[in-house]
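Since this is a predicted model, take the numbers as computed values, not measurements.
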Amino acid sequence: MIHLQFARFLIPLALTLIAQGFSGQFLNGGMARLPQATQVLASYGVAWGLADFLASPLSQVNQLSLVLASHHPARRQIHLFALLGGVLLASILASLALTPLGDWVIYQGHGLSAEVGESVRSALFWLVPIPILEGINRSLAGLLMRARRTQVVSYATLASIAASIAAVFALLPTPLVQAQPIRLPLLVSYTGIAVYLGVLGWGYRRWVGPGLAPAGEAPSLAYLCRFFWPLALVMAIQGLSRPLINFFVARGPEGQESLAALAVVYSLAHLPYGWVNELRSLAPAFRTEPRSLYHIRRFAAGCGLLSFAIMALAFWTPLRGFILGHMLGLDLVLAGRCQWPLFLFSFFPLAVALRAYFHGVALIQHRTRALAPSAPARIGIIWAVLMVLPQSVPGATRGVGALLSGFVLEAGVVWWGVRAGENSGEQRRSG
């Protein structure tokens with residue numbers, strides 16, 4: 001029965017991430033049908049990669065709400081923490097769009113042409129509020145997860161996806177987008193974010209706010225920082241992975257074409273395995289259930305294998321050609337560049353399931369520092385693989401191969417860090 005409870009908790013989150021991925025495919029399909037499609041895909045891929053990297057630490061704010069927001073004072077303190085972090089990261093993103101630092105990152109760093117670089121810079125300017133919105137959305141989502149109202153998170157995602165898809169169809173033929181194609185992904189992204197925030201706010205007022213205790217001792221900002229910084233470091237490094245890979249790929253042979261392939265592959269491959277990450281929320285949400293970790297461990301293994309099987313079916317068979325050619329409308333050359341990267345992505349769920357389980361264990365034990373070493377290990381192996389693999393390997397394949405190496409090593413380091421802490425704690429108690 002407890003596995004059924006896990007499924008009821010996880011399925012709305014899984015559907016949420018899968019639906020988000022489908023929304024991304026509609027957006028990719030829309031960009032593929034614009035004038036100068038390859039340039040638009042490459043420009044937005046670089047810009048969103050940078051914005052996502054800077055916003056990625058705040059994606060862990062939901063873990064703060066999930067674990068620590070037991071009353072309104074704690075909830076308000078977490079909201080304040082998320083807002084301050086969002087403003088700080090948004091200011092860094094603004095500096096990339098408006099200062100010479102952006103010139104170095106975009107032109108020298110990625111080696112982009114003047115035309116593509118200017119499009120990237122324009123997109124970065126309009127993406128400045130993304131970190132602030134990410135912090136607000138994640139804090140609300142964590143509160144709903146704590147109340148086991150994950151279906152509201154799913155409602156929010158489905159509503160935002162419907163709005164995003166409608167925006168793609170409505171905006172694609174307009175002169176506004178045809179004149180400046182980069183406006184399409186920007187307008188579509190903000191449409192989805194606004195609807196998502198509105199539904200989460202409704203869910204909080206309806207289900208969470210009335211149930212929180214009105215008084216209690218709020219955690220200090222210093223404690224929130226101590227709890228949060230390892231999670232933020234891990235997510236920042238995970239977010240840095242994509243810009244680092246883009247950096248190497250853009251400077252290699254046929255860099256623009258490889259960036260376009262990566263933009264397609266990242267969002268498409270995330271569909272069947274992204275939801276496995278949410279296994280980390282099971283341990284905090286079910287921490288009061290007897291023998292919960294034993295059951296979560298078995299459940300996580302099954303989820304990882306299921307996701308692997310789905311990806312093998314989608315990306316190892318002729319179904320891959322139908323998805324790339326007919327659903328996304330890619331030409332044969334760009335679709336061919338996606339073949340091997342998608343094959344490599346199929347192995348990601350196995351590492352993600354292991355990492356997510358031990359991540360959840362660290363959360364309920366308030367030992368988030370055990371996760372910190374995984375971040376430099378991941379970025380180090382990605383950099384090493386990108387340096388070692390020859391330029392003759394196509395850019396998108398080289399990038400995804402390096403990312404797979406990072407996932408595998410990161411999962412191993414998380415396992416080692418959490419288990420080593422458990423063993424040392426048992427030794428102290430026995431001593």
Quiz item: Which pair of non-hydrogen atoms, one from Leu330 and one from Cys338, has the smallest distance, and what is that distance?
Solution: CD1-SG, 4.4 Å

Self-check item: From Ser154 atom OG to Ile11 atom CD1, the distance as rounded to the nearest 0.5 Å
Solution: 10.5 Å

Quiz prompt | Arg242 side-chain N/O to Phe53 backbone N/O, donor-acceptor pair under 3.5 Å | solution = no

Self-check item: Distance-minimising heavy-atom pair for Gly192 and Ser164
Solution: CA-OG, 3.3 Å

Self-check item: Over 12 foreign heavy atoms within 6.0 Å of CG, Leu332
Solution: no

Practice problem: Would you check if Leu58 and Arg138 make a side-chain contact, meaning some heavy-atom pair closer than 4.5 Å? | Solution: no

Exercise. Decide if atom CZ of Arg298 counts as having more than 12 heavy atoms of other residues, nucleotides or ligands within a radius under 6.0 Å.
Key: no

Quiz item: Below 4.5 Å, heavy atoms only, C-beta onward: do His79 and Leu140 meet side chain to side chain?
Solution: yes

Quiz item: Mind checking whether Phe286 and Phe6 have parallel, tilted or perpendicular rings, split at 30° and 60°?
Solution: perpendicular

Quiz prompt | Nearest-0.5 Å distance that lies between atom CZ in Phe227 and atom CG in Leu68 | solution = 5.0 Å

Exercise. Check the pair Leu262 / Val400 against side-chain contact (heavy atoms from CB on, under 4.5 Å), numbers first and verdict last.
Key: CA-CA 8 Å; Leu262 283 175; Val400 176; 3.9 Å; yes

Exercise. With side-chain contact (heavy atoms from CB on, under 4.5 Å) as the test, would you mind laying out the steps for Trp415 and Tyr357 before giving the verdict?
Key: CA-CA 9 Å; Trp415 167 81; Tyr357 168 75; over 6 Å; no

Practice problem: Provide the full list of salt bridge (Lys or Arg N to Asp or Glu O under 4.0 Å) pairs with a residue in residues 346-356, sequence neighbours left out, each pair given once. | Solution: Arg355-Glu410

Quiz item: What pairs with Ser241 under side chain to side chain donor-acceptor pair (under 3.5 Å), at least two apart in sequence or on another chain?
Solution: Arg378

Self-check item: Ser65 (side chain) donor-acceptor with Asn62 (main chain) under 3.5 angstrom
Solution: no

Quiz prompt | Test item: Leu324 and Leu342 side chains (from C-beta on) under 4.5 Å apart, heavy atoms | solution = yes

Quiz item: So, does Thr157 use its side chain to make a donor-acceptor pair with the main chain of Val153 at under 3.5 Å?
Solution: yes

Quiz item: Can you tell if the side chain of Val46 reaches within under 4.5 Å of the side chain of Ile106, non-hydrogen atoms only?
Solution: no

Self-check item: Phe315: ring pair (Phe, Tyr, Trp, His ring centres under 6.0 Å) partners, not counting sequence neighbours
Solution: none

Quiz prompt | Side chain proximity check, Ile130 to Tyr190, heavy atoms < 4.5 angstrom | solution = yes

Quiz item: In terms of heavy-atom contacts, does CZ of Phe343 have more than 12 from other residues, nucleotides or ligands at under 6.0 Å?
Solution: yes

Quiz prompt | Nearest non-hydrogen partners of His366 and Val67, listed with the distance | solution = NE2-CG1, 3.5 Å

Exercise. Provide the full list of salt bridge (Lys or Arg N to Asp or Glu O under 4.0 Å) pairs with a residue in residues 336-354, sequence neighbours left out, each pair given once.
Key: Glu254-Arg337

Self-check item: Residue pair Gly30 / Val168: nearest heavy atoms and the distance that separates them
Solution: CA-CG1, 4.2 Å

Quiz item: Is the backbone N or O of Val393 less than 3.5 Å from a side-chain atom of Arg398, with the two atoms forming a donor-acceptor pair by type?
Solution: yes

Quiz item: Taking the six-membered ring for Trp, are Phe348 and Tyr273 parallel (under 30°), tilted (30 to 60°) or perpendicular (over 60°)?
Solution: tilted

Quiz item: Between the side chain of Arg33 and the main-chain N/O of Gly29, is any donor-acceptor distance below 3.5 Å?
Solution: yes

Quiz prompt | Qualifying residue, where the test is side-chain contact (heavy atoms from CB on, under 4.5 Å) with Phe347 and the options are Leu404, Val352, Val408 | solution = Leu404

Quiz item: Should the heavy atoms of other residues, nucleotides or ligands under 6.0 Å from CZ of Arg369 be counted, would the total exceed 12?
Solution: no

Quiz item: CH2 of Trp416 to CZ of Phe358: how many Å apart, nearest 0.5 Å?
Solution: 13.5 Å

Let me check something: any side-chain donor-acceptor pairs from residues 194-210 under 3.5 Å, sequence neighbours excluded? List them with distances.
unit_1 : atom_1 : unit_2 : atom_2 : d
Tyr204 : OH     : Arg75  : NE     : 3.2
Tyr204 : OH     : Arg75  : NH2    : 3.4

Quiz prompt | Minimal non-hydrogen separation, His295 against Ile2, with atom names | solution = CG-CG2, 3.6 Å

Output a table of donor-acceptor pairs, distance under 3.5 Å, between side-chain atoms of residues 299-309 and any protein atom two or more places apart or on a different chain; print 'none' if there are none.
unit_1 : atom_1 : unit_2 : atom_2 : d
Ser307 : OG     : Pro272 : O      : 2.5

Quiz item: When rounded to the nearest 0.5 angstrom, what is the spacing between CZ in Arg148 and CD in Gln5?
Solution: 6.5 Å

Quiz item: Going through the checks in order, is the side-chain contact (heavy atoms from CB on, under 4.5 Å) test met by Val234 and Thr368?
Solution: CA-CA 10 Å; Val234 169; Thr368 54; over 6 Å; no

Quiz item: Stepwise, does the side-chain contact (heavy atoms from CB on, under 4.5 Å) test hold for Leu282 with Leu279?
Solution: CA-CA 6 Å; Leu282 288 176; Leu279 291 167; 3.7 Å; yes

Quiz item: Nearest heavy-atom pair of Pro243 and Gly49: which atoms, and what distance?
Solution: CG-O, 3.7 Å

Quiz item: Is Leu293 close to Ile364 at the side-chain level, that is, under 4.5 Å between some pair of heavy atoms?
Solution: yes

Quiz item: Any donor and acceptor pair, going by atom type alone, linking the side chain of Thr150 with main-chain N or O of Phe9 inside 3.5 Å?
Solution: yes

Quiz item: Do side-chain atoms of Arg146 reach the backbone of Leu66 as a donor and acceptor pair under 3.5 angstrom?
Solution: yes

Quiz item: If you round to the nearest 0.5 Å, how far is CH2 of Trp126 from CG of Leu186?
Solution: 9.0 Å

Exercise. Working to the nearest 0.5 Å, report the span between CD1 of Ile132 and CG of Asn137.
Key: 12.0 Å

